[in-house]
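The residues of the chain are indexed from 1 along the displayed sequence.
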Amino acid sequence: MYLNYVLKFDVLKYVFLISNLKSKMKNTILQFLLVVICVSCKAQTTSVQSKQQQAVHSKTNPKLVVGIVVDQMRYDYLTRFNNKYGEGGFKRMMQEGFNCKNNHFNYVPTYTGPGHASVYSGTTPKYHGIISNSWYDKELKASVYCAGDTTVQSVGITNKSGMSPHRMKTTTFADENRLFTQLRGKTIGISIKDRGAILPAGHSANAAFWFQGENEGHWISSTFYMDALPKWVSDFNASDSVESYFKIWNTLYDIKTYDESGSDLNNFERGFKGKKTATFPYDLSVLKDTNGGFDILKSTAYGNSLTADFAIAAIDGEQLGKDNFTDVLAVSFSSTDYVGHNFGVNSKEVEDTYIRLDKDLERLFNTLDEKVGKDEYTVFLTADHGAIDVPAYLQTLKIPAGYLNNNQRKKKFQKFLVDTYGTTDIVENISNNQIFLDREKVKVLGLNLKDVQEAIVNEQIGYAHVSKAYTAHTMSFTNFTTGLETLLQKGFNQKRSGDVILVDDPAYISYSKTGSTHGSGLNYDTHVPLLFFGKGIKPGSTIQKTEITDIAPTMSALLGISFPNGAIGKPLDFVLD
């Protein structure tokens with residue numbers, strides 16, 4: 001405003017100097033000077049208002065939201081390994097932020113693709129359409145991958161088909177932030193798994209990057225986002241960051257102190273090819289040649305460290321959190337899932353992976369403190385699903401658990417089909433605990449679709465370890481409000497799901513007798529962490545039940561933006577400051 005007054009004073013001096021000029025010229029010059037004064041005042045006022053608006057936005061909104069999904073993280077990993085964690089990772093989030101201790105997935109199936117889509121969209125497969133990692137497409141008559149896209153190509157590697165979020169039907173809160181900020185707020189997705197980077201970032205993301213370890217060990221993207229990798233990504237790929245992790249993986253602390261997990265040598269772990277026992281230490285420089293080269297890093301604690309390295313590089317490379325328009329960084333730590341599948345939830349390897357992840361989180365938070373500002377960013381941390389204890393281990397403790405004999409079930413079912421309908425062709429596909437019927441064949445045979453569905457349900461419910469069976473008609477026209485049935489219904493997509501949905505007995509799985517898996521609607525798969533931390537978050541905790549679909553609406557409420565278009569969750573007001 002001072003400059004405005006100076007300008008006005010100078011103009012008045014010129015008015016006085018020209019006061020003796022002829023009238024016509026005098027009027028012309030005076031009109032010009034008055035225009036200059038008005039334009040100057042308006043420009044100064046607009047500039048001040050713009051700065052005030054940006055200041056208000058900066059004061060109320062974080063400059064950066066960081067969403068962290070830890071793949072296959074059960075809630076009890078927070079408590080079981082608590083004594084091994086430092087002060088700057090998980091504990092910092094719990095002590096300075098808010099801990100939702102009774103957080104659950106509210107649908108089945110609990111897999112990676114649906115999990116990431118649900119966390120960021122605030123809805124379930126019923127609406128966002130990501131019903132599994134891969135599923136049988138009833139129109140294409142083929143299996144499709146949740147992030148697969150034949151219309152785009154990979155960027156950063158040759159001869160690979162591309163990936164995109166095109167099969168996800170709804171927006172994420174990151175999409176809504178992009179719309180709200182007129183695309184000035186950036187969105188970057190990062191994960192070793194392509195689906196862990198792509199689905200959270202949404203449709204309008206600036207970029208999603210994932211790790212391709214098969215040959216070069218590079219971070220790549222697709223033409224859905226860009227035609228060439230940014231320089232900072234190319235520089236990262238050209239560095240020795242990836243190769244530096246081809247070293248010995250041993251426990252961070254003395255293995256004798258790892259009394260929160262089972263014995264290192266047992267019968268419930270798979271391990272790596274080329275090593276007789278699934279026991280520490282693992283020389284990755286030796287084992288890589290028989291375990292997929294760079295891909296072996298995915299199945300070790302170092303895969304998370306590599307992800308943290310790349311996320312930290314992205315903060316600088318993409319200049320995240322550097323202006324007053326909120327950016328979103330979606331980071332998924334996927335190696336926890338690979339380690340869990342390989343070694344099981346009670347293994348020393350899983351414990352060490354979480355102890356090291358805690359250190360990686362501390363590095364990430366310290367970088368955010370330095371680069372964005374300690375009070376200028378907000379973080380949430382959750383998981384895409386939990387995992388079951390190895391059933392073979394549970395059996396040794398006399399806990400009901402076991403493995404499904406799918407071949408026996410298949411033979412029995414095929415006999416039923418032939419005896420009842422004269423052919424097995426009436427069934428088109430069986431996958432993801434769903435039976436897909438050939439509806440054209442049903443018509444040709446003059447059968448009623450609903451009757452066939454019900455007949456199969458009545459047959460399957462008599463099989464060993466089939467706990468429940470429901471028809472698509474039941475899922476579509478019955479409104480369940482409690483129990484596992486509500487989870488099934490929220491995971492059922494009328495257009496994409498099968499004609500019959502099956503539920504196996506608790507702790508009975510289709511998997512090898514080593515390692516853990518997931519996918520059910522039971523607590524070991526649904527109960528996952530939910531931590532909020534940073535700007536706009538109250539410190540505290542609750543045992544009130546929260547659901548995974550509450551995260552996106554809570555982030556939208558924090559930012560003052562629209563909820564994702566299919567969101568069914570509610571903002572957790574007790575979390576927000």
Side-chain angles (χ1 to χ4, degrees), residues 50-69 88-89 92-93 96-98 119-120 172-191 197 200-202 204-209 219 221 225-226 230-233 235-236 307-333 360-382 531-538 551-552 554-561 575-577:
S50 177
K51 289 178 180 178
Q52 288 174 339
Q53 288 172 352
Q54 288 189 4
V56 169
H57 185 87
S58 177
K59 184 177 180 180
T60 56
N61 278 10
K63 291 184 176 181
L64 177 63
V65 170
V66 181
I68 298 174
V69 176
R92 181 179 176 186
M93 293 195 76
E96 298 181 21
F98 201 97
V119 166
Y120 282 81
T172 66
F173 83 83
D175 283 321
E176 297 300 334
N177 184 64
R178 290 276 285 161
L179 292 170
F180 182 84
T181 61
Q182 300 300 312
L183 306 183
R184 288 174 288 197
K186 279 189 171 184
T187 298
I188 305 295
I190 292 171
S191 173
S204 61
N206 298 84
F209 301 103
W219 290 88
S221 189
Y225 307 99
M226 64 194 70
K231 184 179 183 301
W232 70 267
V233 178
D235 289 345
F236 189 97
T307 303
D309 293 343
F310 192 75
I312 289 169
I315 293 169
D316 265 342
E318 296 291 339
Q319 291 292 287
L320 299 177
K322 293 299 184 183
D323 57 28
N324 291 325
F325 298 101
T326 303
D327 298 323
V328 176
L329 174 61
V331 183
S332 178
F333 290 99
D360 291 325
L361 290 175
E362 183 174 3
R363 282 198 298 130
L364 178 59
F365 297 157
N366 288 342
T367 300
L368 292 169
D369 289 344
E370 178 187 352
K371 301 289 185 180
V372 182
K374 192 171 183 179
D375 299 315
E376 297 295 344
Y377 65 90
T378 306
V379 181
F380 70 81
L381 183 148
T382 188
L531 304 175
F532 295 93
F533 156 71
K535 187 169 188 176
I537 303 300
K538 289 179 183 177
I551 297 172
T554 302
M555 289 296 98
S556 292
L558 174 70
L559 299 178
I561 62 177
V575 165
L576 301 178
D577 193 359

Item to check | Working for side chain to side chain contact (heavy atoms under 4.5 Å, CB included), residues F209 and I188 | outcome: CA-CA 8 Å; F209 301 103; I188 305 295; 4.1 Å; yes

Next on the checklist: What verdict does the side chain to side chain contact (heavy atoms under 4.5 Å, CB included) test give for V65 and L329, after you've listed the backbone C-alpha separation in whole Å, the side-chain angles of each residue and the deciding distance to 0.1 Å?
Outcome noted: CA-CA 6 Å; V65 170; L329 174 61; over 6 Å; no

Next on the checklist: Is the shortest side-chain heavy-atom distance between K63 and N324 below 4.5 Å?
Outcome noted: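 Of all side-chain heavy-atom pairs linking N324 with K63, at least one is under 4.5 Å.
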
Next on the checklist: Are L364 and V379 packed together at the side-chain level, in the sense that at least one heavy-atom pair is separated by less than 4.5 angstrom?
Outcome noted: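 No, side chains not in contact.
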
Determine yes or no for a side-chain-to-main-chain donor-acceptor pair under 3.5 angstrom, with [X] supplying the side chain and [Y] the backbone.
X: Q319; Y: D316; result: yes
X: T378; Y: K535; result: yes
X: N206; Y: T187; result: yes
X: R184; Y: F325; result: no

Checklist entry - Are R363 and D360 close enough for a salt bridge, meaning some N to O gap below 4.0 Å? => result yes

State, to 0.1 Å, how close [X] and [Y] come at their nearest heavy-atom pair, and which atoms those are.
X: N366; Y: R92; answer: OD1-NH1, 4.3 Å
X: G373; Y: Y377; answer: O-CD2, 3.1 Å
X: P62; Y: T326; answer: O-OG1, 2.6 Å
X: F173; Y: S556; answer: CB-OG, 3.8 Å
X: A311; Y: V331; answer: CB-CG2, 4.1 Å
X: P230; Y: E318; answer: CG-OE2, 4.1 Å

Say you draw a straight line from [atom1] of [X] to [atom2] of [Y]; how long is it, rounded to the nearest 0.5 Å?
X: R178; Y: I561; atom1: CZ; atom2: CD1; result: 12.0 Å
X: L381; Y: F333; atom1: CG; atom2: CZ; result: 8.5 Å
X: F98; Y: M93; atom1: CZ; atom2: CE; result: 13.0 Å
X: M555; Y: T172; atom1: CE; atom2: OG1; result: 13.0 Å
X: T382; Y: I551; atom1: OG1; atom2: CD1; result: 4.0 Å
X: W219; Y: S191; atom1: CH2; atom2: OG; result: 7.0 Å

Checklist entry - Please walk me through it: do D577 and I537 pass side chain to side chain contact (heavy atoms under 4.5 Å, CB included)? => result CA-CA 5 Å; D577 193 359; I537 303 300; 6.0 Å; no

Item to check | K374 atom NZ, over 12 foreign heavy atoms within 6.0 Å | outcome: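 No.
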
Checklist entry - Is the number of heavy atoms from other residues, nucleotides or ligands under 6.0 Å of K371 NZ greater than 12? => result no

Item to check | Working for ring-ring contact (aromatic ring centres under 6.0 Å, His included), residues F380 and Y120 | outcome: CA-CA 11 Å; F380 70 81; Y120 282 81; 5.7 Å; yes

Checklist entry - Using 30° and 60° as the class limits, which term best fits the ring planes of F365 and F533: parallel, tilted or perpendicular? => result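 Ring orientation of F365 relative to F533: tilted.
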
Checklist entry - Looking at residues at least two apart in the chain, or sitting in another chain, which of them share a side chain to side chain donor-acceptor pair (under 3.5 Å) with D375? => result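 Per chain and number, D375 pairs via side chain to side chain donor-acceptor pair (under 3.5 Å) with no residue.
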
Next on the checklist: I190 vs T307, test: side chain to side chain contact (heavy atoms under 4.5 Å, CB included). Steps then yes/no.
Outcome noted: CA-CA 8 Å; I190 292 171; T307 303; 4.2 Å; yes

